[in-house]
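Since the structure comes first, as C-alpha cells, the remarks are kept for the end.
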Amino acid sequence: MAIALGKPGVDGLSEAVGVLRDWQYDGAPMQLHPGDLGWFWRSGAEATAEAVRTWSRDGRILAVGLLDGPGLLRLTTAPDALRDEELAQRLVDDVTEPERGVLPEGKANIEAPKGALVQDLLSEDGWDVHGPWTPLRRDLTEPVQDPGVRVEVAGPQQAHVFAAVHRSAFAGSRFTDERWHAMAAGVPYADARCLLAYDDQGNAVATVTVWSAGPGKPGLLEPMGVHPDHRRRGHGRAITVAAAAALQELGSSTALVCTPSSNSGAVATYTSAGFQRLPEVRDRHRDA
C-alpha cells in the first residue's frame with residue numbers, strides 16, 4: 001500500500017508517543033525521543049498535535065516528525081525502515097513541497113538519524129549539512145554517585161520555582177508554571193521527572209527534566225539549565241548526575257543528551273557528570 005502522511009490529532013498523540021518509545025534502543029543513532037514531544041507539550045496538547053506528522057503504510061506508523069519551531073523538522077523512523085526506499089522518497093517529496101503541509105517555503109532544517117536513507121536523498125536534492133551537534137551518553141548499569149547537593153522532584157507545588165529558574169537559565173524563555181502544568185498533563189510525562197537543585201543557602205539554582213522511554217531503554221535529559229547567578233560552582237554537574245540517577249530509578253538503560261558542539265561549556269558539564277561524547281551529528285539545511 002502507498003505511504004500516507006497524516007496529522008494524529010490530540011486523540012492520536014498517544015499512538016505517536018508509543019511508537020517513539022518502541023523505537024528507542026541502546027546503540028541507536030541520536031533520534032527523536034518521546035521526551036522531545038513531552039517537552040513540546042508545554043504548549044498544550046492541541047499545539048503538540050498540530051506540530052506532529054506521521055507517515056504510515058498499511059496502518060503501521062513508519063516515521064514520526066515534530067515541527068519544533070519555524071522551519072525545523074525533527075524526524076525519525078522505525079528501526080527497520082531506516083533504509084526503506086519508498087519511505088525515504090516520500091519523506092523527501094513531502095518536505096520539499098510546501099502544499100503538503102510539512103515545511104514552509106524558504107530556509108528549513110531537518111534533523112534525521114545518522115545512516116537513514118532520507119539523509120542521502122536530501123543531500124542529492126541539494127540540502128547541505130548544518131550544525132554540528134554533540135550527542136552524549138551515560139551508561140546506567142552501574143550505581144550513580146551522590147550529586148552532592150539537595151535535589152527535589154518538582155511537583156505542582158514547586159512548578160513556579162521550577163519555571164522561574166528555567167526562565168533565568170534560558171534567555172528569552174517564556175516557560176511559566178501554567179506551561180509546567182500543561183507539560184505534566186501530557187502522555188509522556190507519566191515517565192518523566194522535573195528536578196530542582198538547591199545550594200547550601202537553600203536557593204534553587206538548577207533545573208532538569210528527564211524522560212524515560214520505558215524500562216531497559218535510553219532516557220533523555222531535555223532540558224538542563226543553571227541560574228546565571230549560580231554558575232561555575234558545579235551545580236550543572238550536580239543536577240546532571242541527579243538526572244542520571246532519576247533515569248536509573250525509572251529503569252532507563254542509558255541517559256542521553258544532545259547539545260550544540262559550539263556550547264563547549266555544556267559539553268564539559270555533561271562529560272564531568274560521567275557522560276561520554278559520541279560522534280557529532282548534523283542537521284540537513286535548505287537555504288531560501
- Using a cut-off of 6.0 Å, state whether more than 12 heavy atoms not belonging to Glu280 lie near its atom CD. yes

- Task: Determine, stepwise, if the pair Gln158 / Val165 fulfils side chain to side chain contact (heavy atoms under 4.5 Å, CB included).
- Result: CA-CA 11 Å; Gln158 295 82 27; Val165 176; over 6 Å; no

- Within-4.5 Å side-chain heavy-atom neighbours: Cys194 and Tyr189: yes

- Query: Between Thr48 (side chain) and Gly44 (backbone), is there a donor-acceptor pair under 3.5 Å?
  - Reply: yes

- Query: Would a hydrophobic clustering, with Ile, Leu, Val, Met, Phe, Trp and Tyr connected at side-chain separations under 4.5 Å, put Leu66 with Leu13?
  - Reply: yes

- Task: To the nearest 0.5 Å, tell me how far Asn203 CG sits from Gln201 CD.
- Result: 6.0 Å

- Atom NE2 of His33 and atom CG of Leu221: how far apart are they, to the nearest 0.5 Å? 10.0 Å

- Residues Gly71 and Leu103: closest non-hydrogen pair is C-CD2, 3.9 Å

- Query: Does any donor atom in the side chain of His285 or Asp287 lie under 3.5 Å from an acceptor atom in the other side chain?
  - Reply: yes

- Item | Worked check of salt bridge (charged side-chain N to carboxylate O under 4.0 Å, His left out) between Arg57 and Glu86 | CA-CA 10 Å; Arg57 182 168 55 209; Glu86 182 186 16; 2.7 Å; yes

- Hey, which of Thr254, Leu247, Leu140 is the one that makes side-chain contact (heavy atoms from CB on, under 4.5 Å) with Pro218? Thr254

- Message: With a 3.5 Å distance limit and no angle check, can you tell me whether Arg137 reaches the backbone of Gln276 through a side-chain donor-acceptor pair?
- Response: no

- Task: For residues Leu37 and Leu32, determine if any side-chain heavy atom of one lies less than 4.5 Å from a side-chain heavy atom of the other.
- Result: yes

- Just do the salt bridge (charged side-chain N to carboxylate O under 4.0 Å, His left out) check on Arg90 and Asp84 with the steps written out, would you? CA-CA 10 Å; Arg90 177 61 191 266; Asp84 185 300; over 6 Å; no

- Do other residues, nucleotides or ligands put more than 12 heavy atoms under 6.0 Å from the CG atom of Asp200? no

- Task: Would you check if the side chain of Ser168 reaches a backbone N or O of Ala164 as a donor-acceptor pair within less than 3.5 Å?
- Result: yes

- Please say which of Pro135, Pro79, Pro113 ends up in a side-chain contact (heavy atoms from CB on, under 4.5 Å) with Gln31. Pro113

- Message: Evaluate Asp93 against Arg100 for side chain to side chain contact (heavy atoms under 4.5 Å, CB included), listing each step before the verdict.
- Response: CA-CA 9 Å; Asp93 292 343; Arg100 300 196 182 191; 3.5 Å; yes

- Task: Output, in order, the C-alpha distance, side-chain angles, deciding distance and verdict of side chain to side chain contact (heavy atoms under 4.5 Å, CB included) for Leu72 and Leu67.
- Result: CA-CA 6 Å; Leu72 171 60; Leu67 292 165; over 6 Å; no

- Message: Can you tell me if Arg277 has over 12 outside heavy atoms packed within less than 6.0 Å of its CZ?
- Response: no

- Do Arg138 and Val144 touch side chain to side chain, with heavy atoms closer than 4.5 Å? yes

- Can you see which heavy atom on Gly38 is nearest to which on Met183, and at what distance? O-CG, 3.4 Å

- Message: Closer than 4.0 angstrom, basic N to acidic O: yes or no for Arg53 and Asp94?
- Response: no

- Indicate yes or no for a side-chain donor-acceptor contact from Arg286 to the backbone of Gly106 under 3.5 Å, with no hydrogens or angles considered. yes

- Query: In the single-linkage hydrophobic clustering (I, L, V, M, F, W, Y; side-chain heavy atoms under 4.5 Å), do Phe175 and Val161 co-cluster?
  - Reply: yes

- Message: To the closest 0.5 Å, what do you measure between CD (Glu222) and OG1 (Thr259)?
- Response: 9.5 Å

- More than 12 heavy atoms from other groups under 6.0 Å of CG on Asp11: no

- Going through the distances and angles, do Leu62 and Thr77 end up as a side chain to side chain contact (heavy atoms under 4.5 Å, CB included)? CA-CA 6 Å; Leu62 296 177; Thr77 75; over 6 Å; no

- Query: Does a side-chain heavy-atom distance below 4.5 Å link Val187 with Trp41?
  - Reply: yes

- Task: Would you name the heavy atoms of Ala206 and Ile239 that are closest together and state the gap between them?
- Result: O-CD1, 3.3 Å

- Is a side-chain N or O of Thr176 found less than 3.5 angstrom from the main chain of Arg179, in a donor-acceptor match? yes

- Task: Could you tell me whether the side chain of Lys217 reaches within less than 4.5 Å of the side chain of Ser212, counting heavy atoms only?
- Result: no

- Query: Going by an N to O cut-off under 4.0 Å, is there a salt bridge joining Asp199 and Arg233?
  - Reply: no

- Task: Check the hydrophobic clustering (I, L, V, M, F, W, Y; side-chain heavy atoms under 4.5 Å; chains of links allowed) and say if Val17 and Trp23 are grouped together.
- Result: yes

- Query: Can you check whether Pro34 reaches Gln24 side chain to side chain, under 4.5 Å on heavy atoms?
  - Reply: yes

- Item | Leu75 side chain near Trp55 side chain, heavy-atom distance below 4.5 Å | yes

- Task: Give a yes or no answer on whether the side chain of Arg237 reaches the backbone of Ser272 with a donor-acceptor pair at less than 3.5 Å.
- Result: yes

- Look at atom CD of Gln145 and say whether more than 12 heavy atoms of other residues, nucleotides or ligands are closer to it than 6.0 Å. yes

- Task: Answer yes or no: is there an ion pair linking Asp125 with Arg284, defined by an N-O contact shorter than 4.0 Å?
- Result: no

- Nearest heavy-atom neighbours spanning Pro8 and Ala49: CD-O, 4.2 Å

- Query: What distance do Leu5 atom CG and Ser56 atom OG have between them, rounded to the nearest 0.5 Å?
  - Reply: 9.0 Å

- Message: So which atom in Lys114 and which in Pro279 form the shortest heavy-atom distance, rounded to 0.1 Å?
- Response: NZ-CB, 4.2 Å

- State yes or no: do Leu117 and Val281 share one hydrophobic cluster built from I, L, V, M, F, W and Y residues joined by side-chain heavy-atom distances below 4.5 Å, directly or via other members? no

- Once you round to the nearest 0.5 Å, how far does CG of Leu136 lie from CG of Leu278? 6.5 Å

- Message: So which atom in Arg60 and which in Ala78 form the shortest heavy-atom distance, rounded to 0.1 Å?
- Response: NH2-CB, 3.6 Å

- If the plane angle is over 60° it's perpendicular, under 30° parallel, otherwise tilted; pick one for His166 and Phe162. parallel

- Task: For the residue pair Pro223 and Trp39, establish whether any side-chain heavy-atom pair is separated by less than 4.5 Å.
- Result: yes

- Under a 4.5 Å side-chain heavy-atom rule over Ile, Leu, Val, Met, Phe, Trp and Tyr, are Val226 and Leu195 clustered together? yes

- Message: Using 0.5 Å steps for rounding, measure from the CG atom of Asp36 to the CG atom of Leu20.
- Response: 8.5 Å

